[in-house]
Amino acid sequence: MEKLTRVSTISGRTMFCHLDAPANAISVCRDATQVVVAGRNIFKIYGLEEDGFVERLNLRVGRKPSLNFSCADVMWHQMEENLLATAATNGAVVTWNLARPCRNKQEQLFTEHKRTVNKVCFHPTEVNMLLSGSQDGFMKCFDLRKKESVSTFSGQSESVRDVQFSIKDYFTFAASFENGNVQLWDIRRPDRYERMFTAHTGPVFCCDWHPEDRGWLATGGRDKMVKVWDMSTSRVKEIYCVQTIASVARVKWRPERRYHLATCSMMVDHNIYVWDVRRPFIPFATFEEHKDVTTGIVWRHQHDPYFLLSGSKDSTLYQHMFKDASRPVDRANPEGLCFGLFGDLAFAAKESLMSAPPSVGDVGRKTYPGGDRRYPIFFFKKPDVTEQFEQVSSALSVFESEAGSSVGMDWFINTAQSYLLSGKPFGELCEHNAQVAKRLNRPQESTTWTMLRIMFSEPANPSLSSNHNLNKSGNLPLVNRKLKEWIKDVFLCAENEETEGSEGQAEYLFGDAELDDDDLYSMEHDNQAEEPEYLLPQEAFPLRHEIIDHPSAPEPVQERPESPHVSGSETESTCLTSTESFSLISVSQLLFSPHLPPKFFCPIVKEMLCYYAEQGDVQMAVSVLIVLGDRIRKEIDELTQEHWYMSYIDLLQRFELWNVSNEVIKLSTCGAIMCLNQTSTTLHINCSNCKRPMSNKGWICDRCHQCASVCAVCHHVVKGLFVWCQGCSHGGHLEHVMEWLKHSKHCPAGCGHLCEYT
Amino acid sequence: MDMRDAAGRWDALGSRDSSSRHAAMELIHQEVMKRIETMGPIPDPQSSSPPAMDDSLSSDLNALLAHVLMLSKRCPYEDIRKKCTCLLQKVQDVGVRIPRPVGNGPSRFIPEKEILQVSKLDKRIQSIFEDAFAVLGRLDNISLVMGFHPQYLENFLKTQHYLLQMDGPLSLHCRHYIGIMAAARHQCTYLVNLHVNDFLQVGGDPKWLNGLEEAPQKLQALGELNKILAHRPWLLTKEHIERLLKAEEHSWSLAELIHVVVLLTLYHSLASFTFGCGINPDIHTDGGHTFRPPSLSGYCACDIANGNGALEEMFGNQQVSELSGEVEVLMEKMKQLQECHDEEEASQEEMATRFEREKTESMLVVTSEDEECVPSRDVSRHFEDPSYGYKDFYRRGEHVPTLRVQDYSWEDHGFSLVNRLYPDFGQLLDEKFQIAYNLTYNTMATHQGVDTSMLRRAIWNYIHCMFGIRYDDYDYGEINQLLDRGFKVYIKTMVRTPEKITKRMYDSFWRQFKHSEKVHVNLLLMEARMQAELLYALRAITRYMT
């Protein structure tokens, strides 16, 4: 009855007041009318009025500032409304009695701790019992009627971060430690703890007993987790876990709401979150008022879930109304949409929305109702007052793309696998790729490759090949025809490009050809001698480079009189080329125009690459980039290149085309990309004998002094391809294990493990 | 010789597989011999001037030989050491001059025989060294000196490996360059040389080494941060951080910045350690070896300075006998402090004054013996404003503001920030700090079973005090009791101006303590300094973020 009247008297609104200094901790008195704020430079009591905070009392009195006032924690006694206790940063535990007549309300001073005291806690029902936990690793229990502690509990030299008396069990208290442990103690037995378990990695900053559920303890740690433990059974069990975004400084159960708790963080994040532990992904409510980290939170009244008080480093004290809290759920997007790798589309939304006419282009549509299996469980529960959630059931639809439709990505995989990026002379690469594109029914790409070949390959190569033909077959007309075709091609291409330099192009090609013939005759002979080897890039690339490296070629005018002479003495084919070129030049009527270097095409090619990248065909852009190599690289700025590479590699990896992606990485010239396959190359392995990690490099495990990589089938040491099971660490020669697992499911080592080979 | 090729050759020596080591050694052998042959006929030993024509060739060979010499002394594998010695012998027999190490041992301050011999290692340290050798291809003198404390060394190497070689936001050569910048701030030639080599090996642009002006603007922007962190970290504000993070195309990302800050602080404090222990140049680097034949006078001078001469030892013994009792006095004091802790409770303002007193006192000039030596051009080019140092401001009596550790501590705040932006690294640093802080063998000089936690805490807190970091729960009077003047001078010099440490200073504190204990102190100093700098840097970043 009394409880009810109390609750009904509380009213108020979201309000705040400025403090003079940052707060470290706050605490309310039992009837929720006053709040005490403690910090390094502040120790005040405020009254909670209808329309604001009113300063009631300043407890920092006296001229000399004392470190005893520098509080790390404060607690208001819940039985005796004049009694307060503070934990000082210098290691003192101080109690204060507001009923003292003089200005100095300090009652008792315990200086037994050697280091900072992190936490003080009054016993919930025993008036004179006070507990403290300190950095020095000790917890002390004080009887306020005595001048010294009555018992000391040692946490084995680890700093104590929080101590909390159990609300339901008279003798029990929990302590959380900097090393991640939580200990349960019986107040009567200071010699050793009753229970200990590791709750977090890194310090456990706070813990809080559930006000109603006996044995439920919430802990928060530096590892950004809030965990709820059930201690009522013989084994401590983690029953809920909430992952927050920053280390958890305080945790407080919400009164009257069984599954709710409030948390605040120690670093970076200033908000206060109220979580429903059963729904750990989105906070139930958020208070976003503070501008610096929140240091203390407390529910205003132990039976009222609607008011939360908080103090912060930004020197403000807030009263938050629950109805004013922001609800992240409302802002969460209720629909989800995702594209699958192969052009499939998945869409999830509230069922009510999904019941709309399901006819819109449903190509092979499959619907999976109730995507998440857990919600229906709540749904059938008896309606609960504390349950404030809108019941939502969602439907998930998957739209599968038709095989072979334009959305499909088969062409991507095929192309990636069939394109050749290196290992052959430039012209052949282009030709090959053009054919791949043609086969896959992508004429535009195919044409692009062909044109690239024409633009950038020096006539040396085609003329070389024609020379070969000639030398082998001696068939002049054939060569002639070939050349003519080729020339036609060039013109065609020039027309397509619609550039003004079309004639110049032809001119260039032939001028260059002569030059090559002059310069490279000896080489040509070499190549003829070892034709098969010509295909190897080692041979081909230097050759081409040499040609490219003649930008300052002599003027054709000077060259021409000589060339027939030289070439004529060599082979007929050159003669042919020369005469052909003469005739063509006369057609083009640009006899003395300067050379047109391959650079001429770069702007066009660059534009084209950007076009492909824009179109989403980053594959084309990167492939061309790699194949063209130095010819184009300098034209495109590093960042764009890197961006293309990254996107392409990402795509390849999604399609699990690991080999192609690695090839691309290897062939790239961006520093940032090249180092991609040089990181994370460490492979951690276990010894197959003793099953412990191999720290050694080499064959011998340093623990059991046996060779670790023995083939389980033939019992020889494996050097070369070694395959092993990740489950039992046994393995052997690739072919042996493959053979073995064809007719047996068990591990060849006889360990009984069912190895899987995929 | 192609740089990468050479690196590959040395790398194989780090393999634990002895046959692949043999193969690698064989290659090196051939290489050396080939070079000697290409050098042409061995010049007549009488003619003192070698033919000038193959200067580069011979310097190449010399570098090679120096590396072999280093291996013959420092390689953790015995077979390699033997082979290298043989090889050198052989080379000498052919008539080529071979190098010999300058100075003895890894440290100028610590006699070589006190330091772990690579040839006589216990299993654990052997394995640590092998790991380090496999990763770095060398065993630097710092590791050898730290070998006194294997537990720490293991962690130190792990952290360094992670910081310099593993995945991280910065590119490899940038990391080394930042290391160079930081070490250069303290004119630590040893670290600078070490990382210049590494920097070049990971493909850094040699132009950058001509000075900070040649480096990209992004790196240049770090000059200010480097300067402040090294000398007055408390002046770091969020504006500094903002300037680094918002510089358009030259701006740093937060994760990169954390990496930078960790690197800078590590190398500032490592410079302290290097000077504090008098680390000698590594044998294969410049100044670590000489091709001059040992002359009598040279021998004397350098060996006496090294404390290796017999004469010195005699003096040393004398001193020790005179000063016995120092340790006992210290232990007595510790005991007293422990006992009377409860009785004499100083008032709060007294405590505050004690802190302030220590702080101001720690600001005072410690050495007047040598005037500021202008840093050699060679090293100072890696940072700007070489004159900016401690001297500037403590003469002006600058007040160091106090940072209460309860407001910003490593455990609560710093760790979370580092781990948030540079995953896993917070954990590594946390372990490193803890190992350094908690390391003890419960010995003091010749006494066993002593609880040294009080002394360690005093040293740690004294260093933090110098940076204005205050622990509310510490009585700074204890510092005065436990740390005598000579020791304080040493600490102050080491933290503030490590380049001025002299052997005399090293010798004059804690005369009876073992060298391993002095190294332990150095480790404490290094970690405490690093944490202090890190706290200020992280606090500034936190302030920027909020």
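Numbered from 1 within each chain, the chains take letters A, B, ... in sequence-line order.
Here the OG1 atom belonging to Thr542(B) is positioned 9.5 Å from the CG atom belonging to Leu535(B), to the nearest 0.5 angstrom.
In summary, the side chains of Ser70(A) and Arg40(A) do present a donor paired with an acceptor at a separation below 3.5 Å, with no hydrogens or angles considered.
With a 4.5 angstrom heavy-atom cutoff, Gln165(B) does not touch chain A via any of its atoms. Interface residue Ala246(A): backbone and side-chain heavy atoms are both found under 4.5 Å from chain B. Contact of Ser247(A) with chain B is made through the side chain alone, with heavy-atom distances under 4.5 Å. Of the atoms belonging to Met267(A), it is side-chain heavy atoms, and not backbone ones, that fall under 4.5 Å from chain B. For Asp407(B), the parts lying near chain A are the backbone and the side chain together; criterion is any non-hydrogen pair under 4.5 Å. For Arg543(B), no part lies near chain A; criterion is any non-hydrogen pair under 4.5 Å. Neither the backbone nor the side chain of Tyr544(B) comes within contact range of chain A; no heavy atom of the residue lies under 4.5 Å from a heavy atom of that chain.
With salt bridges taken as basic N to acidic carboxylate O contacts below 4.0 Å, none links Glu112(A) and Lys147(A). A salt bridge between Asp136(A) and Lys114(A) is absent, with no side-chain N of the basic residue lying under 4.0 Å from a carboxylate O of the acidic one.
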Dump the intermediate steps for side-chain hydrogen bond (donor to acceptor under 3.5 Å, both in side chains) on Glu478(B) and Tyr474(B), then the final yes or no.
CA-CA 8 Å; Glu478(B) 276 183 21; Tyr474(B) 188 69; 3.3 Å; yes
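Under the 6.0 Å distance and 45° angle rule, Arg161(A) does not count as a cation-pi partner of Phe177(A).
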